[in-house]
Trainee: 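I'd like to ask you about the structure that follows.
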Amino acid sequence: MILDIKANPMDWNKKIYISKKLKVEVDDEDNEIVIYDKPTYYEFNYQPVNSYSEIVEFGEKCSIMKKMVIPIAYINMFKEFDVAYLDGVSPKEEIVNGENANYRLLPPRNGNSVIVIYLEKIEGK
């Protein structure tokens with residue numbers, strides 16, 4: 001018996017907001033303040049990091065990381081230190097852009113047809 005499985009990867013996408021890092025300012029007491037752009041809504045598939053090669057690369061950090069694979073059409077749209085809102089977190093009612101974000105992006109890895117982005121949980125969120 002042959003099973004006809006109708007799995008559409010687009011059905012695996014989840015809501016995600018990403019806020020781009022614009023600049024870093026320094027206040028009167030020499031504290032760095034990161035300024036983020038208004039969060040933008042996307043639908044991407046992200047999953048926990050758990051493959052053997054990722055565990056070797058990231059070690060214990062794997063437990064606080066996610067990975068998303070997105071189309072190459074998004075090349076150069078996301079950068080290291082942009083922030084994301086995952087797992088149902090949203091930017092609604094935040095006063096300062098990026099304050100509700102619970103993950104930060106690591107440097108995107110561009111491939112031939114996809115971009116792999118690892119996300120690390122922001123401590124305390």
Side-chain angles (χ1 to χ4, degrees):
M1 174 179 203
I2 297 176
L3 295 175
D4 184 22
I5 299 174
K6 296 182 180 175
N8 181 359
M10 296 305 288
D11 294 339
W12 304 334
N13 289 347
K14 301 171 193 126
K15 294 178 183 179
I16 179 174
Y17 293 87
I18 296 178
S19 189
K20 297 178 184 194
K21 178 181 173 182
L22 297 175
K23 61 183 177 179
V24 177
E25 294 180 349
V26 179
D27 68 8
D28 296 337
E29 298 173 1
D30 289 333
N31 297 315
E32 290 185 352
I33 301 170
V34 181
I35 307 298
Y36 293 101
D37 197 4
K38 182 178 178 182
T40 304
Y41 175 80
Y42 299 96
E43 288 190 11
F44 293 134
N45 180 12
Y46 59 87
Q47 299 295 326
V49 171
N50 59 8
S51 74
Y52 176 75
S53 62
E54 292 165 336
I55 292 170
V56 168
E57 180 177 356
F58 297 113
E60 291 181 9
K61 282 182 147 184
C62 279
S63 63
I64 61 166
M65 294 182 71
K66 307 258 182 183
K67 168 183 161 179
M68 63 184 184
V69 180
I70 62 175
I72 198 71
Y74 290 96
I75 195 163
N76 297 325
M77 284 191 65
F78 306 115
K79 306 281 187 234
E80 182 177 17
F81 301 117
D82 290 348
V83 291
Y85 305 71
L86 304 181
D87 303 326
V89 175
S90 85
K92 291 181 182 176
E93 300 180 18
E94 68 181 6
I95 297 169
V96 177
N97 293 337
E99 73 179 347
N100 290 349
N102 57 347
Y103 282 83
R104 72 175 180 88
L105 280 66
L106 299 181
R109 300 174 183 194
N110 300 330
N112 289 333
S113 60
V114 295
I115 302 166
V116 176
I117 300 177
Y118 289 96
L119 303 112
E120 182 178 10
K121 188 152 182 74
I122 297 173
E123 290 183 32
K125 300 252 179 156

Trainee: Is there a path from Val83 to Val24 through hydrophobic residues (I, L, V, M, F, W, Y) whose side chains come within less than 4.5 Å of each other?
Mentor: yes

Trainee: Assess whether side chain to side chain contact (heavy atoms under 4.5 Å, CB included) is satisfied between Ile18 and Thr40, documenting all intermediate values.
Mentor: CA-CA 5 Å; Ile18 296 178; Thr40 304; 5.7 Å; no

Trainee: Find out if a path of hydrophobic residues (ILVMFWY) with successive side-chain heavy-atom gaps under 4.5 Å connects Ile64 to Ile55.
Mentor: no

Trainee: What residues form a salt bridge (charged side-chain N to carboxylate O under 4.0 Å, His left out) with Lys61, not counting sequence neighbours?
Mentor: Glu120

Trainee: Do Ile75 and Leu119 sit in the same hydrophobic cluster, where Ile, Leu, Val, Met, Phe, Trp and Tyr count as joined when their side-chain heavy atoms come under 4.5 Å apart?
Mentor: yes

Trainee: Shared ILVMFWY cluster between Ile70 and Ile72, side chains joined below 4.5 angstrom?
Mentor: yes

Trainee: With rounding to the nearest 0.5 Å, note down the distance linking CD1 in Ile33 to CG in Asp27.
Mentor: 4.5 Å

Trainee: Could you go through Val26 and Asn31, starting from their C-alpha distance and side-chain angles, then the distance that decides it, and tell me whether this counts as side chain to side chain contact (heavy atoms under 4.5 Å, CB included)?
Mentor: CA-CA 5 Å; Val26 179; Asn31 297 315; over 6 Å; no

Trainee: Step through it carefully: locate the ring centre of Tyr46, locate the ring centre of Tyr103, and say whether they are under 6.0 Å apart.
Mentor: no

Trainee: Which pair of heavy atoms, one from Asn97 and one from Lys38, lies closest together, and at what distance?
Mentor: ND2-N, 3.4 Å

Trainee: Taking atom CE of Met65 and atom CZ of Arg104, what is their separation to the nearest 0.5 Å?
Mentor: 8.5 Å

Trainee: Does one hydrophobic cluster hold both Tyr36 and Ile16, with members joined at side-chain heavy-atom distances below 4.5 Å?
Mentor: no

Trainee: Could you tell me whether Arg109 and Glu57 have a side-chain N and a carboxylate O separated by less than 4.0 Å?
Mentor: yes

Trainee: For the backbone of Ser19 and the side chain of Asp37, can you confirm whether one donor and one acceptor N or O come within less than 3.5 Å of each other?
Mentor: no

Trainee: So how far is it from Leu105 CG to Ile117 CD1, rounded to the nearest 0.5 Å?
Mentor: 5.5 Å

Trainee: What pairs with Tyr42 under ring-ring contact (aromatic ring centres under 6.0 Å, His included), at least two apart in sequence or on another chain?
Mentor: Phe44, Phe78

Trainee: Can you measure from CG (Asn45) to CG (Asn13) and round to the nearest 0.5 angstrom?
Mentor: 6.0 Å

Trainee: When Asp87 is tested against each of Lys66, Lys14, Lys15 for salt bridge (Lys or Arg N to Asp or Glu O under 4.0 Å), which residue passes?
Mentor: Lys66

Trainee: Can you check side chain to side chain contact (heavy atoms under 4.5 Å, CB included) on Met77 and Lys20, steps first, answer last?
Mentor: CA-CA 9 Å; Met77 284 191 65; Lys20 297 178 184 194; 4.2 Å; yes

Trainee: Glu94 and Tyr85: side-chain donor and acceptor closer than 3.5 Å?
Mentor: yes

Trainee: For side chain to side chain contact (heavy atoms under 4.5 Å, CB included), just list the numbers for Asn102 and Leu86, CA-CA rounded to whole Å, side-chain angles, deciding distance to a tenth of an Å, and then say yes or no.
Mentor: CA-CA 7 Å; Asn102 57 347; Leu86 304 181; 4.2 Å; yes

